[in-house]
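These values consider heavy atoms only, across backbone and side chains, with no hydrogens, waters or symmetry-generated copies.
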Amino acid sequence: MSMSKSSYSQYNRKNWEDSDFPILCETCLGNNPYMRMMKDKHGRECKICERPFTTFRWQPGKGARYKNTELCQTCAKVKNVCQTCMFDLEYGLPVQVRDHELQIADNIPKQGANRDFFLQNVERTLGQGDGTQPIAQIANNMDQAAHDRLRRMARSQPYYKRNAPHICSFFVKGECKRGEECPYRHEKPTDPDDPLSRQNIRDRYYGTNDPVAEKILNRAAAAPTLSPPADTTITTLYIGNLGPNGPQQVTEKDLNDFFYQYGDIRCLRVLTEKGCAFIEFTTREAAERAAERSFNKTFIKGRRLTIRWGEPQAKRAADNSNYVTPVPSVPILPIPDGLAPSTSSQQRFTGSMPRPPVPPTFSAPTRLVVPNVRPMKAGEPSSSSSSIYYPSQDPTRLGAKGDVIE
C-alpha cells in the first residue's frame with residue numbers, strides 16, 4: 001500500500017500528517033524571539049517513512065541559513081529527536097551517542113510494510129497519551145550513571161554556529177559574482193577530506209556510522225579521570241569554583257544537600273574568600289563514590305564544580321617548610337643563617353653557589369687632628385718654633401683676630 005504524495009487515494013490521504021508547529025530543539029529554533037515561519041501543508045515527504053507531512057521553513061537568526069523540517073512528527077517522536085537536526089531533544093546529542101550510553105538496541109523496521117505497520121502502532125500508542133512522555137524503549141533505560149555521562153558530553157548552551165550558511169561552491173572555484181549579496185559563506189574549506197563533511201540523514205536518524213557521534217564518543221573516551229590516591233586514610237575532597245560572594249555563590253547548604261547522597265559527611269569547611277571548600281567523609285568508600293560520580297559533571301547553580309582529592313595537612317606543611325618556589329629569571333639568593341630551617345635544606349640552595357665577598361670596613365676617627373706647625377709662606381725663613389699653631393691665628397683667614405669689618 002503506497003503512502004506517498006503522488007498517490008491520490010483518499011484513504012492514504014487520511015494518514016497524512018498535519019501539525020500547527022514543528023518539534024525543534026533550541027539550537028534549530030534560533031535566538032530570534034520574533035521569528036517568522038512559513039508553513040506548507042503536505043509540502044514534502046518525510047525522509048524516513050516517505051509519508052507527506054506539513055513542512056515549516058524559517059530563518060533562525062540574522063546571518064543564518066533558512067532551515068526546513070526533514071522528518072514528520074511521528075518519526076521524530078519515535079526517536080525523541082528534532083525534526084531538523086535529528087539530535088536528541090533532552091541531551092542535544094546524536095542518536096548514536098544516546099543509544100550507546102543507554103544501551104538501546106535499534107530494531108525499528110526501515111522499509112516496506114513492516115515500517116508502515118510499526119508507525120501505525122506508534123501513532124495509536126501516542127494517541128492514547130498526552131504526547132509528552134517518551135516511548136517505552138527510551139523511558140525504561142534511564143540509568144543514572146548513563147544520564148550523568150550524557151550530561152557531561154552535552155553542551156550547556158545552544159550552539160548557534162550550527163545554523164551558519166554553507167560554504168559557497170562558486171567562491172571556492174573563484175567564480176562567485178554576487179559578492180556581499182551571496183547568501184552562502186565565502187570561506188575556504190579547512191579540510192575537504194573531513195569525515196564531518198559526509199553526513200547522511202538516515203544514518204543520523206538510525207544511529208549508524210554517524211561521524212559526529214563517533215567524534216563525540218572518541219572525545220569522551222579520551223577525557224581525564226580522577227584516580228583515588230594510594231593513601232587509604234584520605235577521605236577529603238577539594239571542591240572549587242564556588243563563585244564570588246553573591247546570590248549565585250554555592251553555599252555550604254548546597255554542598256551538603258548534594259554530597260550527602262554519597263555517604264555521611266564528617267566535616268564540611270567552606271572558604272568563602274577563596275571560593276573553595278573541603279568535604280571529609282566518614283568512610284573511604286563514600287569519598288571514592290562521590291569523586292567518581294561528581295568529577296567533571298557536577299553543576300550547582302549553573303556552575304561546574306572542580307573536584308579534586310585532598311591532601312593531609314601534615315604532609316602539606318612538611319612540603320612547604322623545605323621548599324621554595326623558584327621564580328623565573330630571578331636568581332636564588334642564599335638563605336640567612338637565622339632563617340634557614342635546617343642544614344640539609346640550606347645546602348640545597350647554597351651548595352653550588354659561592355657566598356658574596358665581604359665589603360671592606362673603615363673605622364671612624366676618634367678625635368680631631370690639628371697640625372702643631374704653622375704652614376710656611378713663600379719667602380719666609382724657616383723657624384724652629386715649636387709653639388702650637390691654630391688656624392684662627394692666620395690673618396688671611398676670614399674672621400681672624402685683627403680683621404676690621406666695615
Side-chain angles (χ1 to χ4, degrees), residues 17 19-40 43-44 46-49 53-102 104 106 108 122 126 130-135 137-139 141-142 146-166 196 199-208 210-217 219-220 297 299 302:
E17 182 181 275
S19 57
D20 296 329
F21 196 81
I23 301 176
L24 302 174
C25 63
E26 190 173 356
T27 299
C28 293
L29 191 61
N31 57 352
N32 184 10
Y34 305 103
M35 181 179 54
R36 180 181 299 177
M37 280 191 176
M38 291 172 283
K39 178 181 177 181
D40 187 7
R44 187 181 299 180
C46 176
K47 298 296 181 62
I48 302 300
C49 65
F53 71 105
T54 302
T55 61
F56 296 86
R57 188 172 186 267
W58 71 99
Q59 188 178 19
K62 184 178 179 181
R65 70 178 188 273
Y66 279 89
K67 310 194 77 171
N68 305 281
T69 51
E70 306 291 345
L71 310 178
C72 65
Q73 292 198 1
T74 303
C75 293
K77 292 178 181 179
V78 169
K79 289 285 190 175
N80 193 33
V81 296
C82 172
Q83 285 187 259
T84 300
C85 65
M86 284 156 287
F87 276 26
D88 184 77
L89 293 175
E90 183 176 357
Y91 303 103
L93 296 171
V95 176
Q96 183 175 348
V97 177
R98 182 199 63 189
D99 294 351
H100 177 271
E101 295 296 334
L102 298 180
I104 298 177
D106 185 12
I108 299 177
V122 170
L126 294 176
D130 56 357
T132 59
Q133 299 295 330
I135 60 177
Q137 191 178 17
I138 299 178
N141 289 274
M142 294 305 296
H147 176 81
D148 295 340
R149 290 194 299 269
L150 291 173
R151 286 294 184 188
R152 186 172 67 253
M153 289 186 289
R155 295 181 181 272
S156 58
Q157 298 294 333
Y159 187 63
Y160 295 123
K161 291 184 179 180
R162 206 166 62 202
N163 302 330
H166 296 296
L196 297 180
Q199 302 183 30
N200 186 274
I201 292 180
R202 285 183 170 271
D203 293 343
R204 172 69 58 78
Y205 181 81
Y206 290 111
T208 57
D210 187 0
V212 178
E214 293 176 357
K215 179 181 178 181
I216 295 176
L217 291 175
R219 183 174 56 189
K297 51 190 173 184
F299 293 87

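- Residue Leu102 holds its CG atom at 8.5 Å from CZ of Arg149, rounded to the nearest 0.5 Å.
- A 4.5 Å side-chain heavy-atom check between Phe87 and Arg162 finds at least one atom pair inside the cut-off.
- Scanning both residues, Leu71 and Cys46, for their nearest heavy atoms gives CA-SG, 3.8 Å.
- Of all heavy-atom pairs between Glu70 and Thr84, the closest is CG-O, 4.0 Å.
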Practice task
Run the numbers on Leu150 and His147 for side-chain contact (heavy atoms from CB on, under 4.5 Å), then give the verdict.
Solution key: CA-CA 5 Å; Leu150 291 173; His147 176 81; 5.9 Å; no
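- Rounding to the nearest 0.5 Å gives a distance of 5.5 Å between CE of Met37 and CG of Leu29.
- Within the model, atoms OG1 of Thr55 and CZ of Arg44 stand 5.5 Å from one another, a figure rounded to the nearest 0.5 Å.
- In this structure, Lys39 places its NZ atom where more than 12 heavy-atom neighbours from other residues, nucleotides or ligands lie under 6.0 Å away.
- Residues Phe53 and Thr69 meet the side-chain proximity criterion, which asks for heavy atoms closer than 4.5 Å.
- Using a 4.5 Å heavy-atom threshold, the side chains of Glu101 and Leu217 count as touching.
- Nearest heavy atoms, Cys85 versus Arg204: O-NH1, 3.1 Å.
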Exercise for the section: Decide side-chain contact (heavy atoms from CB on, under 4.5 Å) for Arg57 and Asp40; before the verdict, give the C-alpha distance in whole Å, the side-chain angles of both, and the deciding distance to 0.1 Å. Expected result: CA-CA 8 Å; Arg57 188 172 186 267; Asp40 187 7; over 6 Å; no
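- Between Asn163 and Cys28, the shortest heavy-atom distance links the atoms OD1-CA, 4.2 Å.
- Atom OH of Tyr205 and atom SG of Cys49 lie 8.0 Å apart (nearest 0.5 Å).
- Note that CD of Gln83 and CD of Gln73 are 4.5 Å apart. Values are rounded to the nearest 0.5 Å.
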Practice task
Test Ile216 against Arg219 for side-chain contact (heavy atoms from CB on, under 4.5 Å), laying out the working first.
Solution key: CA-CA 5 Å; Ile216 295 176; Arg219 183 174 56 189; 3.9 Å; yes
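- Distance CD1/Ile48 to OH/Tyr206: 5.0 Å, rounded to 0.5 Å.
- The backbone N or O of Val97 lies less than 3.5 Å from no partner atom in the side chain of Tyr91, so there is not a single donor-acceptor pair.
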Practice task
Would you check, one step at a time, whether the test side-chain contact (heavy atoms from CB on, under 4.5 Å) holds for Met86 with Asp203?
Solution key: CA-CA 10 Å; Met86 284 156 287; Asp203 293 343; over 6 Å; no
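- By the 4.5 Å heavy-atom criterion applied to side chains, Ile104 and Val95 are not counted as neighbours.
- For Ile23 against Val81, the heavy-atom pair with the smallest separation is CG2-O, 4.1 Å.
- Heavy-atom neighbours of Gln199 CD from other residues, nucleotides or ligands within 6.0 Å: above the threshold of 12.
- Here the shortest heavy-atom pairing between Gly207 and Gln96 reads O-CG, 3.5 Å.
- Side-chain contact between Asn32 and Pro60: absent, with no pair of heavy atoms (C-beta onward) separated by less than 4.5 Å.
- When side chains are defined from C-beta on, Asp88 counts as touching Asn80, because their heavy atoms get closer than 4.5 Å.
- Looking at heavy atoms from C-beta onward, Arg98 lies in side-chain contact with Lys79 at the 4.5 angstrom threshold.
- In this structure, Glu90 and Arg151 have side chains that are in contact, with non-hydrogen atoms separated by less than 4.5 Å.
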